[in-house]
Structures are given as structure tokens and as C-alpha cells.
Enquirer: 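Quick one: the structure is below, and I'll ask about it shortly.
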Amino acid sequence: MEQDYKPHEIETKWQKKWTESGIFQAEPDKREKFFITIPYPYLNGNLHAGHTRTFTIGDVVARHKRMLGYNVLYPMGFHVTGTPIVGLAELIASRDPQTMDVYERLHGIPGDILPTLDTPEKIVDYFKHEAEKAMRMIGYSIDWRRKFTTTDPTYKKFIEWQYIRLGEKDLIVKGSHPVKWCPNDNNPVEDHDILYGEEATIVEYTLIKFRYKDIVLPCATLRPETTYGVTNLWVNPDVDYVKARVEKDGIEEFWVVSRDAFRKLTFTDRTVEYIEDVPAKSIIGIKLTNPVTGEEVISLPASFVRPENGSGIVMSVPAHAPFDYLALRDLYDVDLSKYGITEDLRKIELISLIKVPEFGEFPAKEIVENMGVTSQKDPRAEEATKIVYRREFHGGVLKEITGKYEGHAVSKIKDILTKDLISSNAGETFYEFSEPIVCRCGTSCVVNMVKGQWFLNYSNPEWKAKVYRCLSQMRIIPAEYRVEFENKVDWLKDKACARRKGLGTRLPFDKEWLIESLGDSTIYMSYYIIARFIEKGDLTLEQLTLSFFDYVLLGKGDPKAVSADTGLDPKLVEEIRRHFVYWYPVDLRSSGKDLVPNHLLFFLFHHVALFEEENWPRALAVNGFVSLEGQKMSKSKGPILTLESAVSEYGADITRLYILSTAEQTQDADWHKAGIDSARRQVDRFYSFAKDVIESGKRANLSMELKQIDRWMLSRMQNYIRETNIALDAIQTREAIQNSFSCS
RNA sequence: GCGAGGGUUGCCCAGCCCGGUCAAAGGCGCCGGACUUAAGAUCCGGUAUCGAAGGAUUUCGUGGGUUCGAAUCCCACCCCUCGCACCA
């Protein structure tokens with residue numbers, strides 16, 4: 001043993017031995033297997049402290065399982081599909097100052113190399129080489145024979161197979177979807193294009209179609225169930241309205257909406273044509289038909305109606321909406337004869353449709369009276385609205401008046417109800433921003449519908465049901481995240497799965513489109529098994545046929561038929577299948593928590609859609625982020641700490657120890673100087689302690705009988721080992737380190 | 001707004017599921033000591049407040065409640081972080 005701790009010497013020595021002996025090259029054998037995967041890194045930069053944490057957790061679990069006697073496979077690939085690498089190539093080609101600075105200074109790319117990385121291909125080549133080098137430097141126990149890049153032609157064959165099979169199951173559908181759009185640039189706006197309103201999201205409203213003669217007055221609402229309680233509409237006498245011909249799915253109608261709403265409609269998936277201006281006065285005092293109840297409702301004037309919100313016409317539910325109740329009450333003694341309204345508005349009866357424990361029949365009336373809200377201009381009206389909506393949404397149940405929806409929880413009924421409204425043409429979906437968005441060019445943005453888009457049909461209830469079943473059988477680490485996963489499955493809607501730009505695989509049944517990058521990284525863990533044979537030279541591109549994948553991954557068909565199809569030896573085909581059967585399913589997929597609502601979810605969806613239940617994933621683990629001296633990392637802007645620079649400066653063991661001991665599980669870790677320095681001292685101390693133990697071991701008489709104190713020592717030791725094992729099983733690396741090092 | 005997580009002693013953080021042994025683990029910092037020519041490293045002790053000490057007092061976001069007893073259980077409220085989609 002050396003006198004002083006010299007990490008780089010020790011590390012180089014052992015890493016060399018590992019590579020030469022191929023000790024981490026896993027092959028099926030008699031032992032029980034453990035297949036652990038970590039999401040492969042996206043290569044628009046060097047690996048950083050965030051990767052370091054996630055990958056080190058994976059490596060620690062892999063090594064621990066090996067110690068416990070498992071045959072462990074820990075593979076790694078490289079993700080390059082999508083647009084960011086293309087964007088980065090453009091920025092480097094144009095010598096964007098910030099990019100050049102960040103990538104040279106923070107990503108550590110030598111100044112003579114950086115300018116040459118001006119195409120996506122060169123970037124991929126460079127970073128995949130660097131990433132592997134870095135991961136070897138930190139000593140990950142990866143089977144490198146199985147590495148691949150998502151633009152490999154062989155990988156594309158695998159992705160094509162997947163999408164053809166998903167398509168056959170009708171899980172890929174065509175449709176349109178809303179995007180944030182700048183009418184001036186004629187382009188979707190991305191977050192960095194936005195001048196004001198970065199926080200804005202697209203909100204789904206339902207337009208309820210109230211009819212008067214041959215015209216429709218659509219009202220936008222977030223609560224379509226309240227249509228059953230509408231007593232009247234609100235029209236603002238001071239707003240400009242227009243009549244338009246609106247056509248959608250072959251149905252032609254004439255709508256009256258505010259001028260602002262008309263502009264928004266022109267960007268939707270409707271054909272819209274201006275007919276004429278409509279004076280507000282002419283649509284006040286008219287009697288319209290409620291499309292769900294068939295009842296007649298009157299339109300009344302209200303100044304609170306904003307032309308830029310929704311359609312500029314509002315439906316009134318005074319029993320449940322404080323503003324509506326107040327506006328109605330404010331009109332009780334107003335002379336409305338100039339609108340031709342002569343009836344006594346006090347005769348308008350409130351219609352109650354939601355039963356909620358905290359309130360009586362008319363929650364809006366009740367809260368307005370209890371809080372003493374004076375009028376629709378009273379600021380407390382807003383507060384009253386929030387309280388009523390919250391109570392009704394969470395605790396409310398629909399009453400008899402809603403017919404077949406009676407007894408359903410308000411919080412659960414919206415999707416079903418909306419679907420019914422649309423299919424009976426009582427309503428339509430309408431998208432709007434939660435707050436106005438202004439593009440960097442100064443134009444105010446709209447919601448535009450992109451047509452002919454391909455979707456993964458994640459909203460499919462049967463598909464979701466399978467995912468729930470899969471989740472219920474899985475181990476989730478930490479356990480608190482189970483509810484999070486369940487919520488996200490519930491929340492997930494259809495997802496656009498194709499793009500025009502970027503790197504990736506073309507959609508096999510519509511070659512104009514590229515498969516979106518999150519959709520091509522869902523079941524690739526199975527590809528690691530095939531990649532090992534491609535690396536060996538046993539498989540060529542042409543031999544990766546549909547029947548090959550069907551047999552190897554699903555067990556469908558038989559080796560002879562595959563052999564006839566591909567020219568492969570049937571024995572080899574069986575061998576590959578045998579490898580798949582041995583390694584699959586994935587025993588643990590461990591990842592940063594940012595991937596919970598997207599990648600990890602899609603990982604489950606695609607597995608349950610394609611594979612037999614016995615090959616569904618067994619466990620998911622989630623870990624937190626890493627910040628630097630309290631600051632969030634950013635690949636494109638900095639700050640960033642690369643894995644390579646951390647290991648160069650501190651050595652692999654100190655880096656690994658520190659990143660795993662500074663925070664537990666889903667907590668975020670902060671990388672700071674004082675912390676890493678203390679980790680360095682801890683390893684130093686341990687090294688000299690180990691040295692002492694070895695030295696004293698040489699002097700001691702080992703045949704001597706154990707004394708009481710030795711037994712105590714052994715007991716303590718065994719206790720720490722047990723605690724460490726328990727902690728590692730739960731992937732509590734901090735706990736494990738504290739236990740295993742407290743014995744020194 | 002919705003969903004998830006969190007607010008603990010100078011700081012980071014453990015404990016909370018399974019109430020008492022909790023003035024509350026561990027690390028960092030700080031203070032004192034040992035070692036040293038000295039510094040660093042290492043080791044020992046201390047680190048809410050008052051007291052020499054036994055001990056006493058006030059603490060675990062805020063306010064209530066349950067209980068003989070609450071950081072831990074229940075209710076309400078406040079604050080913080082993250083996600084909310086076609087972007088990896």
C-alpha cells in the first residue's frame with residue numbers, strides 16, 4: 001500500500017484490470033440475474049454532476065447486487081434523437097458567443113476542436129467518445145460491448161418494428177393539437193421566444209352553444225357541468241361583436257362572438273369567414289335555447305364581460321357562480337327597457353345542480369350574503385368565487401337535474417361530459433392561454449391547431465388500465481412516489497409523437513415524419529440484448545426484420561421461419577431469444593425525478609403495450625437533482641460541473657462518495673466546495689485507517705482466541721453491514737455510507 | 001389553479017409511518033484542549049437559554065384540537081421548491 005492516498009494511480013490500475021479481464025461483460029449463466037438500467041444520456045453536452053449522481057447510484061446498486069451473488073447487467077447507450085443537437089450544431093457553426101464560451105469554458109471542449117463541431121454528426125461523434133471516456137474514468141461497471149447510439153441504422157430498424165407493431169394495435173392515431181403560435185412569424189413559439197407570459201399554459205375550455213334562430217352564441221367555460229344551471233347569458237353592451245360563418249367537420253354554423261374571439265377562431269381547426277358586424281344591443285334581450293336542457297334563457301347586459309376572454313359571451317349560473325349571482329342581483333332594479341327587456345328579473349329562479357357539504361342549495365348566494373359582498377365590482381367577489389369553486393370541485397356531487405350524470409363527483413365528470421357535449425354538437429373544445437402571451441417580435445400570440453399530427457394514444461383507457469396494473473405490481477423507490485406515478489398516468493393525454501425536424505427514425509407508415517425523441521427511448525433496454533450480437537458481427541442490418549424482432553422480443557413465430565426470412569442460423573436466433581428471456585424484464589430502472597412525468601411514464605406505457613406481462617418492468621427508482629453552490633445547472637448557459645473535471649480534480653472515489661452522501665433519494669443535492677473537501681478528508685482518513693489495520697494485522701497473532709471485546713467488535717461490524725445492506729436495498733446511499741463508514 | 005414534495009436546534013439534514021427512552025442522530029461551522037517550532041491534518045471535549053452542577057425554562061412554519069404526555073396523531077391556515085406536455 002502506498003504511503004499517501006493517490007486516487008488516480010489506484011483508479012487507473014483497477015480500471016485497466018477491469019477492461020482487460022472484461023469483468024463487467026455479463027452473459028447468461030446459472031446465477032439469478034439482475035438487469036439494471038439508467039436512462040442513457042442526451043448528448044448535447046458533456047456529462048455533468050446530475051448524470052454523475054444518477055449513474056453512480058445505478059453503479060452502486062449494480063455492484064452491490066454482484067456482491068450478493070447476482071449476475072448483473074448494467075449497460076449504457078447514447079441518446080441523440082431530436083432537435084437540440086441540431087440546434088447546437090447551428091449555434092456552433094454561426095459561432096454564437098454564449099455557446100462558444102459555455103462549451104469551451106464549462107464543458108471543457110478544447111478551443112481547437114469546438115469550432116469543428118458544426119454538424120450534428122460531428123457533435124454526436126465527439127460527445128459519445130467523451131461520455132464513454134468519462135464513465136470509464138469514474139469506474140462504472142458497464143458492459144460496454146452493448147453500447148449504441150440512437151441514430152445507428154440497426155437501432156432505427158428496432159424503432160421501426162416498435163412503431164409498426166404499435167400502429168397495428170391502433171395505439172398511434174392521427175389528429176390535431178394546440179400549440180402556442182405567433183401569427184407574425186407564422187411559427188410556433190418556444191419558451192425562449194416569449195417576451196411576456198412565459199408562465200402561460202394552454203387551457204382547455206368548452207364552448208357551449210346557445211342557439212337563437214339560425215345563430216349560435218358560444219360561451220366558453222371551464223365547468224361544462226354548470227350548463228344545467230344556466231339562467232341567462234351575459235353580453236357586454238360596450239363590446240364589438242361580429243357574425244361569422246364557422247365550419248368544422250363539415251358542419252356549418254353562424255356564430256356571434258367578440259371581435260377578439262373571431263381572430264382567435266381563425267387559428268383553430270375551423271374554417272371561419274367574417275359575415276358582418278353585430279351591434280351588442282341586438283343580441284341583448286333575446287331568448288336562446290340551452291343546448292343541454294332545452295330551456296329558454298335570456299341574454300342580459302353585463303360590464304364585467306371581457307371581449308378578449310373566451311368568446312366574449314358568458315353563460316350565467318347564479319346558483320354556483322358568485323359573479324353571476326352578483327351581476328344578476330345588480331340588475332334587479334335597473335331599467336332595461338332600452339334593450340327591450342321588460343320582465344322582472346327577480347322572477348329568474350336560481351338553478352342548483354351541485355350538492356356540496358359546506359353549502360346549502362345555492363352556494364353562490366350563500367357565500368355572497370355571508371361574506372357581505374356588495375356588488376360584482378367588490379374585490380371579495382373573486383375570493384368568494386375561488387372558495388365556491390374549490391369546494392364544489394373537490395367535494396361536489398351532481399344532482400338529479402343533470403340526468404344521467406346524477407351522483408357523479410364534479411371532479412371526475414368533466415372529461416366524460418365534455419365528450420358527450422361534443423358528440424351531440426352542444427359544445428366544442430376551445431383552447432386559450434391562461435394569460436396573454438407576447439412574442440419577442442411584439443405580436444400577441446394565439447393558440448393554433450397543428451393538423452394531421454400523429455399521436456400516441458396514451459389517453460386510451462385500456463392502455464392506462466394496463467399501466468395501472470403494471471404499477472401495482474412494481475416496487476417504487478421511494479414508496480411516496482407511487483401516488484405521483486398514478487396521478488401522472490391519470491393525467492396523461494395523447495402525445496404528439498412525430499416531428500418535422502431533428503435527428504431520429506422516420507415513421508415507417510408516414511415517412512414525412514420523424515419519430516419524436518421521447519417516443520424512441522421507451523423499450524430500448526431490450527435492444528441492449530440484441531446490441532451485443534450486433535457488436536459481435538453476428539447480425540447485419542438486413543437481418544433485423546420484423547419477424548426477427550417478433551421472435552426475439554415477443555416469442556412469436558419460430559426460429560426456422562426467422563431463419564428463412566433472414567438467412568440467420570436458427571440456432572443463433574434461438575440463442576438471442578434465450579438471452580432475451582434470461583435478462584428480461586428490467587429489474588430496476590433508476591432515474592432523475594425530472595423524467596417521472598415523461599420518460600418513465602412512457603417506458604411503462606410502451607412495455608405494457610408490446611410485451612407479455614411477465615416482461616413488464618419490476619421496479620422504478622427516482623433520485624433528485626444536483627445544484628452547484630446552490631445554483632441550478634444549465635447545459636446551455638452554465639453553471640455546469642462536468643463528470644470528467646470532478647474526477648480529474650478529486651478522483652473517482654471521492655466524487656462518488658460525495659455525490660451519494662450529500663443527499664438522500666429524491667432530495668436535491670448541492671455540490672459545494674466545503675462538502676467535497678470534507679469528503680476528501682474522509683477518504684484520506686479511511687485510507688490511513690485501513691493502512692493501520694493492515695499493519696496491525698501483520699503483527700497480531702491471528703490464531704488467538706477471540707476475547708469479549710473482539711466479539712463486541714464483530715457484532716458492531718455485522719450490525720453495520722446489515723444496516724448498510726438494508727439501506728442499499730432501499731437505495732438510500734447516504735444512509736448506506738454513514739453506516740459503512742461509521743465503523744472506521 | 002391542479003398535482004407532488006417540503007418547512008426541525010448557526011448551516012445542511014435525521015427523527016414523524018409505529019406518540020413517552022427527544023434539547024432531538026450525523027455532517028459542516030464555531031469554541032476549548034492535546035499533538036506541533038508553527039500552520040494544516042489528526043485526536044479529545046463543548047456548542048438552545050439560565051446554572052459550577054443536580055436541574056430548570058423555552059423550542060421542531062402558525063393557530064387550534066386529541067392525549068396523563070405531541071417534532072411525531074387530527075383540523076385549519078401561511079410559506080417554499082418542482083412539474084403541468086410535444087421540450088429533451
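The model shown is predicted, which means the values in this text are computed figures rather than measured ones. A, B, ... follow the sequence lines: proteins, then strands. Residue 1 opens every chain.
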Enquirer: Rounded to whole angstrom, note down the C1' distance from B:rC16 over to B:rA71.
Expert: 7 Å

Enquirer: Using a 4.0 Å heavy-atom cut-off to protein, can you give one letter per nucleotide of nucleotides 83-88 of chain B, 5' to 3': B if the base is in contact, S if only the sugar-phosphate is, - if neither?
Expert: SSBBSB

Enquirer: Just name whichever nucleotide pairs with B:rU9, Watson-Crick or G-U, keeping both distances under 3.5 Å, else none.
Expert: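 The answer is none; no pair meets the criterion.
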
Enquirer: What integer number of Å spans the P atoms of B:rU8 and B:rU67?
Expert: 29 Å

Enquirer: Could you tell me if the side chain of A:N44 sits less than 4.5 Å from the side chain of A:P84, heavy atoms only?
Expert: yes

Enquirer: Report yes if some heavy atom in the side chain of A:S176 is under 4.5 Å from a heavy atom in the side chain of A:Q453; otherwise report no.
Expert: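 No, their side chains stay 4.5 Å or more apart.
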
Enquirer: Please state how far atom OH in A:Y205 lies from atom C1' in B:rG1, giving the value in whole angstrom units.
Expert: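 After rounding, the reported distance stands at 10 Å.
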
Enquirer: In whole Å, what separates the C1' atom of B:rA70 from that of B:rG65?
Expert: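 Those two atoms are separated by 12 Å.
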
Enquirer: Under a 3.5 Å limit for both distances, which nucleotide forms a Watson-Crick or G-U wobble pair with B:rU47, could you say?
Expert: B:rG29

Enquirer: Rounding to an integer number of angstrom, what distance separates B:rA25 and B:rG15 when you compare their C1' atoms?
Expert: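 It works out to 8 Å between them.
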
Enquirer: Pick from A:F605, A:Y468, A:F602: which one makes a ring pair (Phe, Tyr, Trp, His ring centres under 6.0 Å) with A:W463?
Expert: A:F605

Enquirer: Applying a 3.5 Å limit to both distances, which nucleotide forms a Watson-Crick or G-U wobble pair with B:rG19?
Expert: none

Enquirer: Would you mind checking if A:D668 and A:K593 are paired as a salt bridge, meaning a charged N to carboxylate O distance below 4.0 Å?
Expert: yes

Enquirer: If the C1' atom of B:rG26 is compared with that of B:rA14, how far apart are they to the nearest Å?
Expert: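 That atom pair is separated by 7 Å.
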
Enquirer: Using whole Å, report how far CD of A:Q732 lies from P of B:rG26.
Expert: 18 Å

Enquirer: Do A:Y458 and A:K493 have side-chain heavy atoms sitting under 4.5 Å apart?
Expert: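 In short, these two side chains do not touch, never coming nearer than 4.5 Å.
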
Enquirer: Does the side chain of A:L207 reach to within under 4.5 Å of the side chain of A:T429, using non-hydrogen atoms?
Expert: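 No, every pair of side-chain atoms sits at 4.5 Å or beyond.
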
Enquirer: Applying the Watson-Crick and G-U wobble criteria at under 3.5 Å, what pairs with B:rA4? Answer none if nothing qualifies.
Expert: B:rU81

Enquirer: Hey, are A:T81 and A:T150 close enough side-chain-wise for a donor-acceptor pair under 3.5 Å?
Expert: yes

Enquirer: Taking the six-membered ring for Trp, are the ring centroids of A:Y205 and A:Y431 within less than 6.0 Å of each other?
Expert: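 No, too far apart.
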
Enquirer: Taking protein heavy atoms under 4.0 Å as touching, what does nucleotides 6-19 of chain B look like 5' to 3' if B marks base contact, S marks sugar-phosphate-only contact and - marks none?
Expert: -------SS-----

Enquirer: If the P atom of B:rC35 is compared with that of B:rG40, how far apart are they to the nearest Å?
Expert: 15 Å

Enquirer: Check whether NZ of the Lys or CZ of the Arg A:R500 lies under 6.0 Å from the centre of the six-membered ring of A:W513 and within 45 degrees of that ring's axis.
Expert: yes

Enquirer: Side chains of A:V80 and A:F127, heavy atoms from C-beta outward: is any pair under 4.5 Å?
Expert: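 No, every pair of side-chain atoms sits at 4.5 Å or beyond.
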
Enquirer: Can you check the distance between B:rA24 and B:rG32, where both ends of the measurement are the P atom (answer in whole Å)?
Expert: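 Between the two P atoms, the distance is 25 Å.
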
Enquirer: Using atom P in both nucleotides, what's the gap between B:rC82 and B:rG33 to the nearest angstrom?
Expert: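 Their P atoms lie roughly 45 Å apart.
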
Enquirer: Please give the nucleotide sitting opposite B:rG69 as a Watson-Crick or G-U wobble pair, both distances under 3.5 Å, or none.
Expert: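 Matched B:rG69 with nothing under the 3.5 Å cut-off.
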
